[in-house]
Amino acid sequence: MRRSRAAIFLAAALVSGCALGPDYERPDLDVPADYREPAPAGASVANLPWWDLYEDEQLKLLISIALEENKDLGIALARINESRAALRIERANQFPFLDLNGFAGRGDRSEIIFPGASPTDNYRLTADLFFEVDLWGRLRRATEAARAELLATEDSFRNVTITLVSQVASNYLLLLDLDDRLAISRRTLLTRLDSLEIIEARFDKGTVPELDVNQAEIEVAVAEAAIASFERQVVQAENALRILLGRNPGPIARGQALHDQSASPEIPPGLPSELVQRRPDVRSVEARLAAQTARIGVAEALRYPAISLTGFLGVESDDLSDLNDSDAKTWNIGANLFAPIFNSGQLKANVEVEKARTEQLQLEYEATLQQAFREVEDARVAIRTLKAESEARSRQVAASRNAARLSRARYDGGVVDYLEVLDSERSLFSAELEESRTRQQYLNAIVQLYKALGGGWTLGD
């Protein structure tokens with residue numbers, strides 16, 4: 001009785017085995033207690049779906065199109081399906097394999113060796129069984145690695161989604177900025193053409209020197225060059241945005257103008273420790289680290305003996321009609337043992353390779369997390385400072401417009417020369433362009449913070 005129980009326990013131990021190699025544990029991380037930049041009160045932007053951040057219906061439409069048709073997103077989704085199938089493959093190795101084999105043939109043997117031999121027929125039909133006993137957990141570790149890789153690809157898909165939405169939003173805001181700067185340049189050109197016409201008329205009457213005409217012509221050319229530059233950039237930005245939508249290059253419909261875009265100042269991101277769980281790129285690298293840790297166990301197990309159980313059951317006869325006869329039954333059951341003895345340290349080196357790869361991924365994981373902290377900090381300080389800069393640019397534009405108006409009046413009154421008018425109009429043109437650019441950068445900083453926090457944009461919401 002005791003011997004039978006001992007045999008049962010031994011058989012259970014052989015089947016279950018032990019899993020070699022380390023179990024994954026999250027590394028000790030140097031996570032700051034808080035962010036450098038103070039956070040205002042309010043609901044976290046990271047917890048909002050992307051459509052609640054904007055009120056531009058056209059932008060929402062572009063993002064929804066991108067989520068449906070972007071090619072990179074489709075590739076990431078296909079990788080999830082690939083990883084899911086790979087997991088099924090690895091998991092299947094833990095279970096018995098049963099195959100059906102059949103053979104029908106006719107042959108003859110050498111009569112020199114076998115005198116009197118004649119051609120014979122052979123028919124065989126068997127069910128073949130194979131099962132590898134997972135003594136050291138190699139198959140379980142391989143399944144563990146495949147499962148972690150699946151999680152990594154799923155988080156990579158989420159990261160591609162967040163990156164895609166942020167790219168669409170950023171490119172759309174850039175396009176609106178370029179529209180504004182193109183409009184400013186065209187408006188400035190019309191003003192400068194009017195000025196040139198007036199100055200040429202005065203030159204014809206001998207009231208102003210030719211230098212004033214040349215300077216006015218220079219400013220007209222500057223505005224014309226700016227128009228050509230912004231027209232080129234607008235088309236290129238449209239084409240880039242169309243590619244993000246998964247479509248061929250072409251025009252993009254606009255919604256609200258840049259100055260009408262909403263921008264919420266309430267953007268608290270919570271604590272830095274939340275990024276470990278929130279950012280999909282961080283989670284993806286950690287899942288890959290877990291997978292690589294499991295591969296150490298796979299390599300360790302290859303250094304130890306392996307046992308596999310085999311067997312078959314079927315029928316065999318030299319006459320097809322005799323396969324139904326009970327005497328045609330054939331079967332076999334056995335166990336195979338494989339134990340590596342000498343391989344010049346190859347299997348040990350394989351373990352060292354997997355350990356080195358694990359160390360690399362741990363460093364990559366820590367670096368990815370540090371980069372996440374940096375992106376949040378950069379976006380937060382960008383929002384605060386660009387908001388202040390945008391307000392200052394608006395005041396600069398207002399003052400520049402008044403200065404340009406006064407300079408023109410003083411010039412028309414003969415109080416100052418044309419250089420003062422040129423300086424004031426150049427300042428106005430530059431200030432208007434910078435006001436638009438800074439507004440776009442401020443709105444884009446909010447987009448970048450949203451991306452850095454790893455929140456909000458999800459499919460199917």
Side-chain angles (χ1 to χ4, degrees), residues 10-29 76 78-97 99 128-157 159 281-310 334-370:
L10 178 60
L14 287 174
V15 173
S16 62
C18 57
L20 296 178
D23 293 325
Y24 174 74
E25 294 182 3
R26 177 176 291 169
D28 293 332
L29 302 173
R79 285 174 180 158
I80 291 179
N81 296 331
E82 177 187 356
S83 296
R84 188 174 289 120
L87 173 58
R88 291 199 301 269
I89 292 172
E90 292 295 346
R91 189 169 182 271
N93 289 328
Q94 298 183 63
F95 299 94
F97 284 73
D99 301 313
D128 298 343
L129 177 70
F130 175 85
F131 175 63
E132 180 177 348
V133 181
D134 196 15
L135 289 174
W136 316 111
R138 180 180 69 84
L139 302 179
R140 278 170 287 156
R141 288 299 192 193
T143 302
E144 181 182 334
R147 185 176 293 109
E149 286 290 352
L150 173 59
L151 295 176
T153 54
E154 289 175 343
D155 281 319
S156 293
F157 174 74
N159 187 54
D281 58 335
V282 174
R283 293 202 309 266
S284 178
V285 177
E286 184 178 9
R288 288 167 50 209
L289 175 59
Q292 183 55 45
T293 303
R295 293 190 185 102
I296 297 176
V298 174
E300 286 277 11
L302 290 174
R303 302 178 62 192
Y304 294 88
I307 295 177
S308 59
L309 306 178
T310 61
N336 296 324
L337 172 66
F338 172 81
I341 302 299
F342 179 74
N343 47 64
S344 299
Q346 183 187 65
L347 297 180
K348 184 179 179 181
N350 285 339
V351 176
E352 293 172 355
V353 166
E354 300 301 341
K355 288 181 177 179
R357 289 173 177 171
T358 302
E359 183 180 355
Q360 295 170 42
L361 271 173
Q362 180 172 334
L363 294 173
E364 182 181 343
Y365 173 55
E366 294 171 0
T368 302
L369 190 58
Q370 289 177 342

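When reading the values below, keep in mind they use all heavy atoms of this one structure, side chains included, and skip hydrogens, waters and symmetry mates.
V282 has its side chain within reach of Y365: a pair of non-hydrogen atoms, C-beta onward, lies under 4.5 Å apart. A heavy-atom distance below 4.5 Å is not found between the side chains of L302 and P340. Contact check for N336 versus I307: no side-chain heavy atoms found under the 4.5 Å cut-off. Residues V133 and L309 meet the side-chain proximity criterion, which asks for heavy atoms closer than 4.5 Å. Side-chain contact between T310 and L129 is absent, with no heavy atoms from C-beta onward closer than 4.5 Å. At a threshold of 4.5 Å between non-hydrogen side-chain atoms, the residues D23 and R141 count as touching. In this structure, R147 and L150 have side chains that are not in contact, with every pair of non-hydrogen atoms separated by 4.5 Å or more. Between P27 and E366 there is a side-chain heavy-atom pair separated by less than 4.5 Å.
Under the side-chain hydrogen bond (donor to acceptor under 3.5 Å, both in side chains) rule, T143 has a single partner from R88, Q94, E90, R138, which is Q94.
Counting heavy atoms of neighbouring residues, nucleotides and ligands inside a 6.0 Å radius, atom CZ of R91 does not exceed 12 of them. The number of heavy atoms from other shown groups lying within 6.0 Å of CG (D28) does not exceed 12.
Legend: ring pair (Phe, Tyr, Trp, His ring centres under 6.0 Å) pairs involving residues 282-310, not counting sequence neighbours, sorted by first then second residue: W136-Y304.
With sequence neighbours left out, the salt bridge (Lys or Arg N to Asp or Glu O under 4.0 Å) criterion links R295 to E149.
With values rounded to the nearest 0.5 angstrom, E286 atom CD is found 11.0 Å from T368 atom OG1. Distance check, rounded to the nearest 0.5 Å: NZ of K348 to CD of E300 gives 10.0 Å. With values rounded to the nearest 0.5 angstrom, R303 atom CZ is found 7.5 Å from L347 atom CG. Atom CG in D281 sits 9.0 Å away from atom CG in D155 (nearest 0.5 Å). Here S83 contributes atom OG and I89 contributes atom CD1; the two are 10.5 Å apart, rounded to the nearest 0.5 Å. Note that the CG atom of N159 and the CZ atom of R283 stand 9.5 Å from one another [nearest 0.5 Å].
Checked by atom type and distance alone, the side chain of Q292 pairs as donor or acceptor with a backbone atom of E354 at under 3.5 Å. A side-chain donor-acceptor contact under 3.5 Å links D134 to the backbone of R140.
A salt bridge is defined here as a Lys NZ or Arg NE, NH1 or NH2 lying under 4.0 Å from an Asp or Glu carboxylate O, and R288 with E364 meets this definition.
Of all non-hydrogen atoms in A152 and S284, the two that sit nearest each other are O-OG, 3.0 Å. Closest heavy-atom contact between A86 and A146: O-CB, 4.3 Å. Considering all non-hydrogen atoms of both residues, A76 and F157 come closest at CB-CD1, 3.8 Å. The two atoms that bring F131 and P96 nearest to each other are CD1-N, 3.6 Å, heavy atoms only.
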